[in-house]
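Counting from 1, the numbers follow the sequence of the chain as shown. Just so it is clear, the model here is predicted, and its values are computed rather than measured.
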Amino acid sequence: MRRSRIIFSSAVGLVIVAAAVLLYMRLAEGTRTGTAASKATSAAAGASQPASAVGAPKPALPDEASFRPAAESAGLKLWVDDKTGHFKVEQKKTGHVWRSYPDPDQWSRETITGTWRNNLMSPVMLEYIDASNSKSQAKTISWLEDKGVLEKFQTTPDGFKMTYNFTGTGFKIPVEVRLREDYVETAINDRDIREGKLSLLHVKLFPLFGAEPYKENEEGYTLLPDGAGALIRFKPNQANDKSVYRENVYGNDSAFYSERTGRSAIRLPVFGIKSGPQAFVAVMVSGEEYAKLFAAPAGAYGQYNWATPEWTYRLKYFQSTSKKGPNGFFTYNKERFNTPERATRYYLLEPDQSDYVGMAGKYRQFLIAEKGLKPLQPKNGEVPFYADIVGADIKQGLVWDKYLPGTTTSEAAAIVGALLDQGIRNLTVRYAGWQSGGYSSFGGLFPVDSRLGGNDGMRQFIRFAHSRNVPVYLTANYTLNNTGRDGFWPTFDGMRDLSGTVVEFENPANREMTTMVSPRLAEKTVAKDLSEFKALGADGIYFNEGVGQFLNSDFNERYKANRSEVLQSQRSVLKTVRDALGGVMAEDANAYTWDQTGHIHRLADSYSHDIFVDEPVPFLPIVLHGLLTYSTEWSNLREQNRAGFLRSIELGAYPAYVLTNAPSGSMKGAFSIWYYSMDYRDWLSQAAAEYKRFNEALGDVQDRAIVGHRTLAPGVKETEYAGGKKIVVNYNAEPFVHGDVRVPAQDFIVLKGGSAP
């Protein structure tokens, strides 16, 4: 509106101005009164009808007296506050209540002030940046802090939906809450998000759902999917500790910048919170490939222990400004990541299932009911044994790389025969390093290296193995290419980050950089090679360091694919291989592969040892046992041999060894297979002895779920299987004795159903 400054030199002019101002104020007040009356009339017209907007609420917890029923299932009842969109859910059987906001009974103890106090009370927090300003820094704002208003609130047959309008920053976040039999689901509709002039980075929706403070004499913890699983136990508010857990679901995306935290990658989109008899397990069921898990112990941000998905819409990347040298700057992708919706289910657990075992059991039910996983059908009463046989590798020479033979195809037959002679009956072989140039040569896998026996030698070996009822999988890596075979050109076929730079993988053993292959090209190459695998008689492919383990976007214009599309591409690869050959395995695989994968090798068996994390728990093995077979690290590469063996028994993992015919130390200096002690002759007796103990513990429970796990004493763990069988593992240097139960030092015992220490 155009304004002019007028200077009056007379008293008459001043009187006229004063009268005009008074008239303007009266008119404005009348307008406000009319607007308020209009809103009141609209609200009275019917609560179930869409409302245009609710005025900005003052920063405070919602008034529980104003909540009204929104939906009801056989087991749960949902209430909502239509001024803030906050909700609470009651478990009808027990009367337990979970809230999307801090428990009002505990709020008076909260000492945090300022912006974060408002953040904790808010139903939505978001992080944003001003992309028009190259010096802009990421900022966090909550709906309450931004004087937000609620728009388009309306009930639905199973809950309610609305839009959170951030009036200061201009963001609009459409949200829906749905109630089912045993869970409440929250969702963001990406399609209808509005950004205005600012760019959205992350959104936390109902971040304080189920959050609880430390309570004396009451067990409480946050479950993290870190490694095999880990607990942050509730402790008194540690005001000086600002540590939080924040990691990408399914690992980092190499097309963007990622901090190297040294943490294990998150392989499953699950977390949980327990407080006394009350617990939930949360499952990100849609859009989880664009999510981080954010978990804050008490003291980091307020007195509450809380965990939430942090939905990602943009990531930082390095924009190079020079083809030579590291010149450039950090910025964010212009187009935001979009999925149909970002949804999280909060399964509310019965009191007798309110621990990490119950959380794992509920997720297991989800995998069976909605992801198609089925109980195993064991081959026989003896556990699987996995022998990884290494053909060859190379090491750097003065002029040419030196070829290091490990096991020819005829020698591989001798290894299989020796293992069978030791009484290892349920044997599966994975043959690695069979391609031309050995294990560290990526691209153009076929034909089998002639120095190992060539294609004919491999066919003969596989026929021999089949005659002894031993399946053979061929190990393959389609994620890297350093040979140029398959017509591969790094400039044209390499995976690219958002700046257009070809992405390289750094070998941790020797720092060698290798070009990463565009995932869609890898999918085509696998399909092309399937006839070769089939001609050799292979029972399947074992994918290591790639498919199912790494999830990266690709900005190569020839093969462009976002993270969601690469996820589907990897699933397609696994299904195609399984359909064509009969079997497929993957290394440390993400949850989206589990319905296609028969076995996971090198499954995490520990955790990342964050200082604020209290203890590891076998959450991932509890989820998987009886649905998929899995092994942890190779038994002959354990850092602590006895403890590693006992850990496998505790977790229900099966034995695996990496072996060669070559003497130990022959691979010293190799690019990848730099393990020194692989001579199979050195390990036959230990492998046979351990296999006997594995069968004692796990042979008759291969298809059984783990239904219990607990600590009996420091260094003593008990794992219980469906049907009542219990295994007690003692990691200590002294025997464990409790009543009639005695577990020798660094050993385990088996208790049949009904026995208990």
Engineer: Just checking, any donor-acceptor pair under 3.5 angstrom between side chains of Ser672 and Asp393?
Structural biologist: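 Their side chains do not contain a donor-acceptor pair, so the 3.5 Å distance test is not met.
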
Engineer: Are the side chains of Thr479 and Gln549 in contact, using a 4.5 Å heavy-atom criterion?
Structural biologist: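 Of all side-chain heavy-atom pairs linking Thr479 with Gln549, none is under 4.5 Å.
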
Engineer: Answer yes or no: is there an ion pair linking Arg430 with Asp388, defined by an N-O contact shorter than 4.0 Å?
Structural biologist: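 Looking at Arg430 and Asp388, the cut-off is met.
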
Engineer: Determine, stepwise, if the pair Ser275 / Glu218 fulfils side chain to side chain contact (heavy atoms under 4.5 Å, CB included).
Structural biologist: CA-CA 7 Å; Ser275 180; Glu218 187 172 273; 3.4 Å; yes

Engineer: Would you check if the side chain of Glu633 reaches a backbone N or O of Arg638 as a donor-acceptor pair within less than 3.5 Å?
Structural biologist: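 No, because the side chain of Glu633 does not come within donor-acceptor range (under 3.5 Å) of the backbone of Arg638.
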
Engineer: For Tyr478 together with Phe442, are the ring centres under 6.0 Å from each other?
Structural biologist: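 Between Phe442 and Tyr478, the centre distance exceeds or equals 6.0 Å.
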
Engineer: Assess whether a salt bridge exists between Arg571 and Asp595, defined as any Lys/Arg side-chain N lying under 4.0 Å from an Asp/Glu carboxylate O.
Structural biologist: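 Judged by the 4.0 Å cut-off on N to carboxylate O distance, Arg571 and Asp595 do form a salt bridge.
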
Engineer: At what distance, to the nearest 0.5 angstrom, does CG of Leu427 lie from CD of Glu382?
Structural biologist: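 The CG atom of Leu427 sits 11.5 Å away from the CD atom of Glu382.
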
Engineer: Measuring only between side-chain heavy atoms, which start at C-beta, is Val390 closer than 4.5 Å to Leu659?
Structural biologist: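 A side-chain contact under 4.5 Å is absent here.
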
Engineer: Determine, for Glu212 against Lys274, whether the closest basic-nitrogen to carboxylate-oxygen distance falls under 4.0 angstrom.
Structural biologist: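 Looking at Lys274 together with Glu212, the answer is no, because their closest N to O distance does not fall below 4.0 Å.
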
Engineer: Please evaluate residues His599 and Tyr473 with respect to the criterion side-chain hydrogen bond (donor to acceptor under 3.5 Å, both in side chains), reporting the C-alpha separation (whole Å), side-chain torsions for both, the decisive distance (0.1 Å), and the verdict.
Structural biologist: CA-CA 11 Å; His599 178 81; Tyr473 287 69; over 6 Å; no

Engineer: Between Ile706 and Thr719, is any pair of side-chain heavy atoms under 4.5 Å apart?
Structural biologist: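 Counting from C-beta outward, Ile706 and Thr719 do come under 4.5 Å.
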
Engineer: Does Leu574 reach the side chain of Val547, with side-chain heavy atoms less than 4.5 Å apart?
Structural biologist: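 They are in side-chain contact.
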
Engineer: Please tell me whether Gln702 and His625 have a donor and an acceptor in their side chains that are separated by less than 3.5 angstrom.
Structural biologist: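 Side chains of Gln702 and His625: no pair found under 3.5 Å.
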
Engineer: Please tell me if the side chains of Tyr431 and Phe461 come closer than 4.5 Å, counting only heavy atoms from C-beta onward.
Structural biologist: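 They are in side-chain contact.
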
Engineer: Before giving the answer on side-chain hydrogen bond (donor to acceptor under 3.5 Å, both in side chains), spell out for Gln570 and Tyr592 the whole-Å C-alpha distance, their side-chain angles and the decisive distance to 0.1 Å.
Structural biologist: CA-CA 9 Å; Gln570 291 185 1; Tyr592 59 80; 2.6 Å; yes

Engineer: Once side chain to side chain donor-acceptor pair (under 3.5 Å) is applied, what residue pairs with a partner in residues 662-671 remain, sequence neighbours excluded?
Structural biologist: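 Of all non-adjacent pairs touching residues 662-671, those that pass side chain to side chain donor-acceptor pair (under 3.5 Å) are Ser664-Asp682.
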
Engineer: Closer than 4.0 angstrom, basic N to acidic O: yes or no for Arg263 and Glu247?
Structural biologist: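 Salt bridge flag = yes for Glu247 with Arg263.
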
Engineer: Please tell me whether Ser264 and Asp226 have a donor and an acceptor in their side chains that are separated by less than 3.5 angstrom.
Structural biologist: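 Side-chain D/A pair, Ser264 to Asp226: absent.
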
Engineer: Quick check on side chain to side chain contact (heavy atoms under 4.5 Å, CB included): which of Asp747, Val743, Val737 does Asn730 satisfy it with?
Structural biologist: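 So, applying the side chain to side chain contact (heavy atoms under 4.5 Å, CB included) to Asn730 and each of Asp747, Val743, Val737, only Val743 qualifies.
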
Engineer: With heavy-atom distances below 4.5 Å as the criterion, would you say the side chains of Leu348 and Tyr183 are in contact?
Structural biologist: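 No, too far: nothing below the 4.5 Å cut-off.
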
Engineer: Step through it carefully: locate the ring centre of Tyr363, locate the ring centre of Phe366, and say whether they are under 6.0 Å apart.
Structural biologist: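 Ring centroids of Tyr363 and Phe366 are less than 6.0 Å from each other.
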
Engineer: Who pairs with Arg364 by side chain to side chain donor-acceptor pair (under 3.5 Å), at least two apart in sequence or on another chain?
Structural biologist: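 Listed in chain order: nothing, the list is empty.
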
Engineer: Aromatic ring centroids of Tyr680 and Tyr657 under 6.0 Å?
Structural biologist: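 For Tyr680 and Tyr657, the ring centres are not under 6.0 Å apart.
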
Engineer: Do Glu615 and Tyr607 pass the side-chain hydrogen bond (donor to acceptor under 3.5 Å, both in side chains) test, and can you show the C-alpha distance, the side-chain angles, and the key distance before you say yes or no?
Structural biologist: CA-CA 8 Å; Glu615 63 184 274; Tyr607 70 117; over 6 Å; no

Engineer: Under 4.0 Å between a side-chain nitrogen and a carboxylate oxygen: does that hold for Glu690 and Arg693?
Structural biologist: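 Salt bridge flag = no for Arg693 with Glu690.
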
Engineer: Does the side chain of Val285 reach to within under 4.5 Å of the side chain of Thr344, using non-hydrogen atoms?
Structural biologist: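 The answer is no; the side chains never approach within 4.5 Å.
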
Engineer: Please step through ring-ring contact (aromatic ring centres under 6.0 Å, His included) for the pair Phe280 and Tyr346, ending with a clear verdict.
Structural biologist: CA-CA 6 Å; Phe280 72 81; Tyr346 296 90; 5.5 Å; yes

Engineer: Would you call Asp700 and Lys725 a salt bridge, taking side-chain N to carboxylate O under 4.0 Å as the test?
Structural biologist: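 The answer is yes: the pair qualifies as a salt bridge.
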
Engineer: Please determine, by modelled atom types, if His466 and Asp539 share a side-chain donor-acceptor pair under 3.5 angstrom.
Structural biologist: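 Looking only at side-chain atoms, Asp539 and His466 do form a donor-acceptor pair, the distance falling under 3.5 Å.
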
Engineer: Evaluate side-chain hydrogen bond (donor to acceptor under 3.5 Å, both in side chains) for Asn661 paired with Thr407, printing each intermediate quantity in order.
Structural biologist: CA-CA 5 Å; Asn661 180 74; Thr407 313; over 6 Å; no

Engineer: With respect to Val429, which candidate in Ile462, Leu419, Val416 satisfies the side chain to side chain contact (heavy atoms under 4.5 Å, CB included) definition?
Structural biologist: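 By the side chain to side chain contact (heavy atoms under 4.5 Å, CB included) criterion, Val429 pairs with just one of Ile462, Leu419, Val416: Val416.
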
Engineer: For Ile424 versus Tyr691, what's the shortest heavy-atom pair and its separation?
Structural biologist: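 Taking Ile424 first and Tyr691 second, the nearest heavy atoms are CA-CE2, 3.6 Å.
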
Engineer: Should Arg704 and Glu720 count as an ion pair when the cut-off is N to O under 4.0 Å?
Structural biologist: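 Answer for the salt bridge query: no.
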
Engineer: Checking Tyr250 against Glu288: is there a side-chain donor and acceptor pair closer than 3.5 Å?
Structural biologist: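 Distance-only check passes for Glu288 and Tyr250.
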
Engineer: Step through it carefully: locate the ring centre of Tyr386, locate the ring centre of Trp634, and say whether they are under 6.0 Å apart.
Structural biologist: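 Ring centres of Trp634 and Tyr386 not closer than 6.0 Å.
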
Engineer: Return the CD to CZ distance between Glu216 and Phe234, rounded to the nearest 0.5 Å.
Structural biologist: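 One finds 15.5 Å between CD of Glu216 and CZ of Phe234.
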
Engineer: Test: salt bridge (Lys or Arg N to Asp or Glu O under 4.0 Å). Region: residues 411-425. Which pairs qualify, not counting sequence neighbours?
Structural biologist: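 Listed once each, the pairs would be none.
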
Engineer: Is there a side-chain contact between Phe543 and Met585 (heavy atoms, below 4.5 Å)?
Structural biologist: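 Of all side-chain heavy-atom pairs linking Met585 with Phe543, none is under 4.5 Å.
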
